[in-house]
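Just below is one structure, and these are the notes that go with it.
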2 protein chains.
Amino acid sequence: MSSPATQPDFGSARPGGRTARTRAAVRDATLAELAAHGYRGLTVDGVAERSGVHRTTVYRRWGGVDGLVVDALDLAGEDGWQPPDTGGFAGDCRALAAEVHRSFADPAQGAASAAVVAASFQSPRAAEALRGFYADRNARSEVIVSRAVDRGELPAGTDAAAVVRAVVAPLFHRLFITREPLDAGVAEQAAEAAVAAALAGVFQLPSGA
Amino acid sequence: MSSPATQPDFGSARPGGRTARTRAAVRDATLAELAAHGYRGLTVDGVAERSGVHRTTVYRRWGGVDGLVVDALDLAGEDGWQPPDTGGFAGDCRALAAEVHRSFADPAQGAASAAVVAASFQSPRAAEALRGFYADRNARSEVIVSRAVDRGELPAGTDAAAVVRAVVAPLFHRLFITREPLDAGVAEQAAEAAVAAALAGVFQLPSGA
DNA sequence: ATACTAATGCAACTTGAGTCGCATTAAGGA
DNA sequence: TCCTTAATGCGACTCAAGTTGCATTAGTAT
């Protein structure tokens, strides 16, 4: 079991050449293995062999498969992502939905994204990392709503998190619960539904903010 | 590995007393273990010990932990469930969302429901079983929309599956993606949003049906 | 009752994930 | 350049999951 094991600790006293090379090799191997075999086929031995790093080293620094995924997710969270800005609320929501759609449609990126969700059911560490990742994404997305309020498109006091959730939730539901195929039309419909609900004032926060 | 193993096969040539007792004991033990330790703590050995059935028997008839979950899910799907009927479209949607909320809030049932989702990431068999389960639930829920159309509350040609998805998807999103707590207000908001979007005609099917 | 055989019990075996103690390599400072 | 020591490599070990061959139990038919 890897639960009480060391978290990936990369602020150590010796962040020099070899350590950095090892981490990069393992990270690349993790993404490659994920794209090749999915999360179910992700093993420490596979990553170790592909990266040329010894099994023991991977266990020591990453703790197990969940640590590999968490590390990959942490890296993904540091990409400086910003929500789309199309100049209008409906356009922003459509673009956001389309972005989620594309990120899961891409073979490599989609496999990695789905892997993180799968990992979150196996490991509390992965679940916490995923929660943090989406909390950050949500916080960044709030500007879509605040811009819309500034333009007068939405009433003040609209719950930005609820709007974002309404846009993306149907896509995740198809992907992971009913496992139906995803197409651009589905993404657009989800965005339109969220826009209609927001315009109707459904996402108003309880007390006026 | 349990992938190519025997599916739970309960139509055999000898469905007599002992076989039925074994299945019942294992099913009860599965649900109890799920409630006690969650899906991550569900093991064949644990179920075997609790049920008094030998390990080997469980492996032979269920194939592994995924088979146990699939069997439990198959049973859950045969409960003759019908969607709520409150006399109005909005009320039906709210009641549906509340029902989903309750099913995950209940400790035992919630653990089992979450376990099935977790299992679907581990096993193709569980994923297929989950897909079938929700396809059936969705089909049964369509009557909510058709009744609303008959009453003149909704335009004809409204995509019932899309409506149901819009109602429940935000709840699943909170439960499994962002792992935020769920309360009755969230369920109601999701229902209201779906209603507003449906009334606005967002879920119209492309060609007139 | 008795015989037949499917279903179960049992124990030994295989396999792969994860751990541990110790040897070796290489980064960073003197 | 040399010394110290973190980081890695290496092999053996533990442990739990899953499998297999054979013995035993208990439905079912005659």
Side-chain angles (χ1 to χ4, degrees), chain A residues 1-27 29-30 33 37 39-71 118-119 122-126, chain B residues 1-27 29-30 33 37 39-71 119 122-123 125-126:
Chain A
M1 208 55 66
S2 54
S3 305
T6 323
Q7 294 92 322
D9 175 15
F10 304 110
S12 317
R14 188 174 288 189
R18 185 164 64 161
T19 298
R21 279 198 305 277
T22 299
R23 184 187 184 189
V26 168
R27 172 173 51 83
T30 298
E33 288 282 304
H37 313 298
Y39 178 71
R40 285 185 59 217
L42 184 70
T43 67
V44 170
D45 286 338
V47 170
E49 188 175 4
R50 186 188 283 259
S51 65
V53 172
H54 197 85
R55 296 164 20 90
T56 313
T57 299
V58 178
Y59 276 113
R60 274 197 282 245
R61 284 189 41 190
W62 283 268
V65 285
D66 56 345
L68 293 170
V69 172
V70 168
D71 190 29
Q122 293 278 311
S123 145
R125 284 174 57 203
Chain B
M1 206 57 66
S2 55
S3 306
T6 322
Q7 294 92 323
D9 175 14
F10 303 109
S12 316
R14 186 173 289 189
R18 185 163 65 162
T19 299
R21 278 198 304 278
T22 300
R23 185 187 183 187
V26 168
R27 170 173 53 81
T30 299
E33 287 284 303
H37 313 298
Y39 177 71
R40 286 184 61 219
L42 184 69
T43 67
V44 170
D45 285 337
V47 170
E49 188 175 2
R50 186 188 283 259
S51 66
V53 172
H54 198 85
R55 300 165 14 92
T56 313
T57 298
V58 177
Y59 276 114
R60 274 197 282 246
R61 284 190 41 190
W62 283 269
V65 284
D66 56 345
L68 293 171
V69 172
V70 169
D71 191 29
Q122 292 278 310
S123 145
R125 284 174 58 202

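Note on naming: letters A, B, ... go to the chains in the order of the sequence lines (proteins, then strands), and numbering restarts at 1 for each one. The figures here come from the full heavy-atom set of this structure, side chains too, leaving out hydrogens, waters and symmetry mates.
- Regarding contacts with the backbone of dG9(D), a side-chain N or O of Thr57(A) is found under 4.0 angstrom from either OP1 or OP2.
- Residues Val44(A) and Val65(A) have side chains in contact (heavy-atom distance under 4.5 Å, counting atoms from C-beta outward).
- For the pair Asp45(A) CG and dT15(C) C1', the interatomic distance rounds to 12 Å; values are reported in whole Å.
- Proximity of Thr19(A) to the phosphate of dA7(D): no side-chain N or O atom is located under 4.0 Å from OP1 or OP2.
- Whole-Å rounding puts the Trp62(B) CH2 to dA17(D) C1' distance at 18 Å.
- Contact check for Trp62(B) versus Arg23(B): side-chain heavy atoms found under the 4.5 Å cut-off.
- Between the side chain of Thr22(A) and the base of dA7(D) there is no donor-acceptor pair of N/O atoms closer than 3.5 Å.
- Straight-line distance from the CD atom of Gln122(A) to the P atom of dG18(C): 11 Å, rounded to whole Å.
- With dG18(D), dT8(D), dG27(D) as the candidates, the nucleotide lying closest to the side chain of Arg61(A) is dT8(D).
- Residue Arg55(A) has its side chain nearest to dA12(D) when only dG11(D), dA12(D), dG18(D) are considered.
- Taking atom CD on Glu49(B) and atom C1' on dA17(D), their separation rounds to 15 Å, with Å as the unit.
- In this structure, Val58(A) and Leu68(A) have side chains that are in contact, with non-hydrogen atoms separated by less than 4.5 Å.
- Taking 3.5 Å as the limit, the base of dT19(C) and the side chain of Arg60(A) contain no donor-acceptor pair of atoms between them.
- When heavy atoms are screened at a 4.0 angstrom cut-off, Gly52(B) is found touching the sugar-phosphate backbone but no base atom.
- A sub-4.0 Å separation between OP1 or OP2 of dT19(C) and a side-chain N or O of Tyr59(A) is absent.
- The 5' end of DNA chain C is approached more closely, in terms of each residue's nearest nucleotide, by Thr56(B) than by the other of Thr56(B) and Thr56(A).
- Thr19(B) places a side-chain heavy atom less than 4.5 Å from the side chain of Arg61(B).
- In this model, the phosphate group of dC10(D) is approached by a side-chain N or O of His54(A) to a distance below 4.0 Å at OP1 or OP2.
- We find that CZ of Arg23(A) is positioned 17 Å from C1' of dT8(D), with the value rounded to whole Å.
- Using a distance-only test at 3.5 Å, with no hydrogens or angles considered, a donor-acceptor pair links the side chain of Ser51(A) to the main chain of Val47(A).
- Of the side-chain N and O atoms in Arg21(B), one or more sit less than 4.0 angstrom from OP1 or OP2 of dG27(D).
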